[in-house]
Amino acid sequence: MKEKNPINFTKLIERNIKNRKYKDGLTNGSTFLFSLLCVVVLCLVIGYVIFTGANYLTPGFITSNYSQSSVALRTSKDFVFDENGYDYSDLERFEDVSYSEKWGIGLQYGKDNNQNNVIYVVQISENSPFNELVRRDDGTNFKIPTDMYLSYITVQTELGTYKTAFSDDGIDNMISTLDSAVSIYDSNFLSLGGGISTSLITTCWLILFTLIFSLPLGIGGAIYLGYYAKDNKVTRIIRSLVDMSSGIPSIIFGLVGAAIFIPFVGSMTGTTGGNIFTGALTMTLILLPTIVKTVEESIKTIPKSMISASLALGASNTETIFKIVLPNSIDGILNAAILGIGRTIGESAALVFALGTFITAAPSFTSGNTTLAVHIWYILAGEYPAYEQACAISIMIFCVVVILSLLTKLINYLFKRKREK
Amino acid sequence: MKNPFKFKKEIVNEKLFNNDTSLPHSQEYPDEEVIFSVKNFQFYYDNGAKHALKDINLEIFKRKVTAFIGPSGCGKSTLLRCFNRMNDLIDGNKKEGEILYKGTPIDTLNTIQLRSKVGMVFQQPNPFPMSIYNNITYGPKCQGLRNKKELDKIVYESLNDVGLYEEVKEQISHSGTSLSGGQQQRLCIARCIAMSPDIILMDEPTSALDPIATLKIEELIRKLKEKYTIVIVTHNMQQAARISDYTAFFMLGELIEFNKTEDFFAHPKNKKSEDYITGKFS
Ligand SMILES: Nc1ncnc2c1ncn2[C@@H]1O[C@H](COP(=O)(O)OP(=O)(O)OP(=O)(O)O)[C@@H](O)[C@H]1O
Ligand SMILES: [Mg+2]
């Protein structure tokens, strides 16, 4: 046998080392660059949303209705201003409140949901004629609500003329107008409006019902696939169907929801059109593949020996599932729930059909509603897209998602600790 | 101590020298009470493609330790898993012949009934990731036992029987997985005897353990023999010799020899057994 020429690695390596250094540097550099780019883009998106929306995310925005309600009040027709004056000594005085000494009320600036200055009546003396204001439409007494601001006021002066002061003209103007008045001819109180309370509550209901429908079904499917199913053709077909359906665009599920669930729920409850239940059923369709896969994966990580041990001890399949399989796949179940909640919060296309785009005054189980994501769609779709409010809602959604994921971590941690004990 | 029956058998069929297990051993060992009898049993994996057990005839005697030995892949574990029908869980299994548990074919018994009488200890210690207490009460609770006092008693007795009580009495609410390997295996045995089974099947229970833990388990098996019937699969011939009363030697899915352990190791009846014992192959 001829002896082979030994390869001179030292030389080869020396020749190669420069080349390899460049290549390494290039790969490292580009990897770093791309990850940096990703981080920057992500920061920009989140930064933009927070920067634009943060100011608009006020308690008023969250708790108020989208539609604005108004009430017009006046002093009753037979009201005569008491020339001797009223006793307003019960009125506590604050630095940042302006007072009308004549009418015994305190006014203060606040913000509406567009961040404009508006005037609130924050204090009313017990003896103030403002307590006896009546509605212009039906003459009934009306207590001035604290969550409504005063948009304008028209008064009758001592000379008998009418004078109007607008919220925009400031508190000082409002007070001097009031001080010249002998009766209130018209005053218009407005609720904040533009708020998201209904959408928020609807979203919560939708999440609840979606989880109630989808978790049992999804966990059941996962138990079937991960525990019972034999590895045969049927199982493989089911599995690939599940995989495929998680890639179907949600608008198609929205279509199915609208075409099947709306008539179905309608025939049982007598509702017409989308409502929270049709929305939840549609979301269930969307979520099922994800839930089945997530839970199945975590069932698959349970050691076979543990299941064998349970069965060998004379436990039935049901007992094994409830005592071994489910407790040990709790992280998968929680993850599935969190994914489901996140998806439900973020879903818009399917819900436009299946739930509706009606921003109502109060959440309703029987008629169309809207979730936060569809709310965003709604306020951006109009003639004057309200980007700031949309960003404010986005911040809320971010927060919910972050809180949810922290919650899973916490629950996982607690479960793990309990198990280790 | 010649058995007239055996004599007759040899005359009837010369071939029986290699297959002298075709007749019930109880006739060879009339003092023993039979718990399991395996009759003309065949077992196949993969829808019949893999013939894992070939015409097995064997009996398991009450309150005796029977060791299954033989080269790797000869079907020891397969036969063991047939006794509590754990093989039923494997897709594509097929069996012929029958196994009788105290005279009843096991296939006519409910698996839950059968498995609560036929306990199993696995090769790898596999305690549940729950407290020691719950590990032991798992089986009894599944059978519907709820009485706290009785459960406490079972936990105490089972742990005591496996010699674990003194070691873990302070940490009875700690997870079973926090114990050492040997302790875990003894916990698994305790979990098994908490059901007060008739038989304990053990598949190489000490192969994952260190020598000291192994000795403890062996000692335990010798003690448990007073109350339970034990079938143990082992790769360790010394172990078989140390702890078992009867030895069954398998090769390529066939039962080659069933004999009293002393006799098996001192003067095996079969040439293959002798080769195996003397280490001619493994
Ligand atoms: N689940 C299974 N599917 C298919 N074939 C199997 C399965 N389990 C075991 N076998 C085959 O059956 C034969 C007997 O296996 P078994 O596990 O009973 O052997 P064993 O004697 O216990 O071996 P070891 O000493 O290595 O544990 C082997 O050839 C093995 O390949
Ligand atoms: Mg084996």
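Keep in mind that the numbers below use all heavy atoms, side chains included, and drop hydrogens, waters and symmetry copies. Reminder, nothing fancy here: chain letters follow the sequence lines and each chain counts from 1.
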Exercise. Which region of B/Val118, side chain (C-beta onward) or backbone (N, CA, C, O), has a non-hydrogen atom less than 4.5 Å from a non-hydrogen atom of chain A, or is it both or neither?
Worked result: backbone
Problem set entry | Whether over 12 other heavy atoms sit under 6.0 Å from A/Tyr228 OH | yes
Problem set entry | Validation row: B/Lys141, A/Glu319 side chains within 4.5 angstrom (heavy atoms) | no
Seminar exercise, completed: Heavy-atom closest pair (A/Ser305 atom, B/Asn126 atom, distance to 0.1 Å) is O-ND2, 3.0 Å
Exercise. What are the two closest heavy atoms between B/Phe128 and A/Leu313, and how far apart are they?
Worked result: CE1-CD1, 3.9 Å
Exercise. Which heavy-atom pair separates A/Leu311 from B/Met86 by the least distance, and what is that distance?
Worked result: CB-CE, 4.3 Å
For this session: Test A/Ser308 against B/Met120 for side-chain contact (heavy atoms from CB on, under 4.5 Å), laying out the working first.
Result: CA-CA 10 Å; A/Ser308 305; B/Met120 185 167 224; over 6 Å; no
Exercise. Are there more than 12 heavy atoms of other residues, nucleotides or ligands under 6.0 Å from atom CZ of A/Phe322?
Worked result: no
Exercise. Listed by residue number, which members of residues 182-192 of chain B have a heavy atom under 4.5 Å from any heavy atom of chain A?
Worked result: B/Arg191, B/Cys192
Exercise. Which pair of heavy atoms, one from A/Met306 and one from B/Pro129, lies closest together, and at what distance?
Worked result: SD-CD, 3.2 Å
For this session: Measure distances from B/Leu201 to the heavy atoms of chain A and classify the residue's part below 4.5 Å as side chain, backbone, both or neither.
Result: neither
For this session: Check whether more than 12 heavy atoms from other residues, nucleotides or ligands sit under 6.0 Å from atom OH of B/Tyr156, and answer yes or no.
Result: no
Exercise. Are the side chain of B/Asp91 and the backbone N or O of A/Lys230 linked by a donor-acceptor pair below 3.5 Å?
Worked result: no
Exercise. Do you know which two heavy atoms are closest between A/Ile324 and B/Met130, and how far apart they sit?
Worked result: CD1-CE, 4.0 Å
Problem set entry | Enclosure of B/Lys153 NZ (heavy-atom neighbours >12, cutoff 6.0 Å) | no
Exercise. Under 3.5 Å, side chain of B/Gln113 to main-chain N/O of A/Gly314, donor-acceptor pair present?
Worked result: no
Exercise. Of the listed residues (A/Ala315, A/Ser316, A/Ser310), which shares the most heavy-atom pairs with chain B below a 4.5 Å separation?
Worked result: A/Ser310
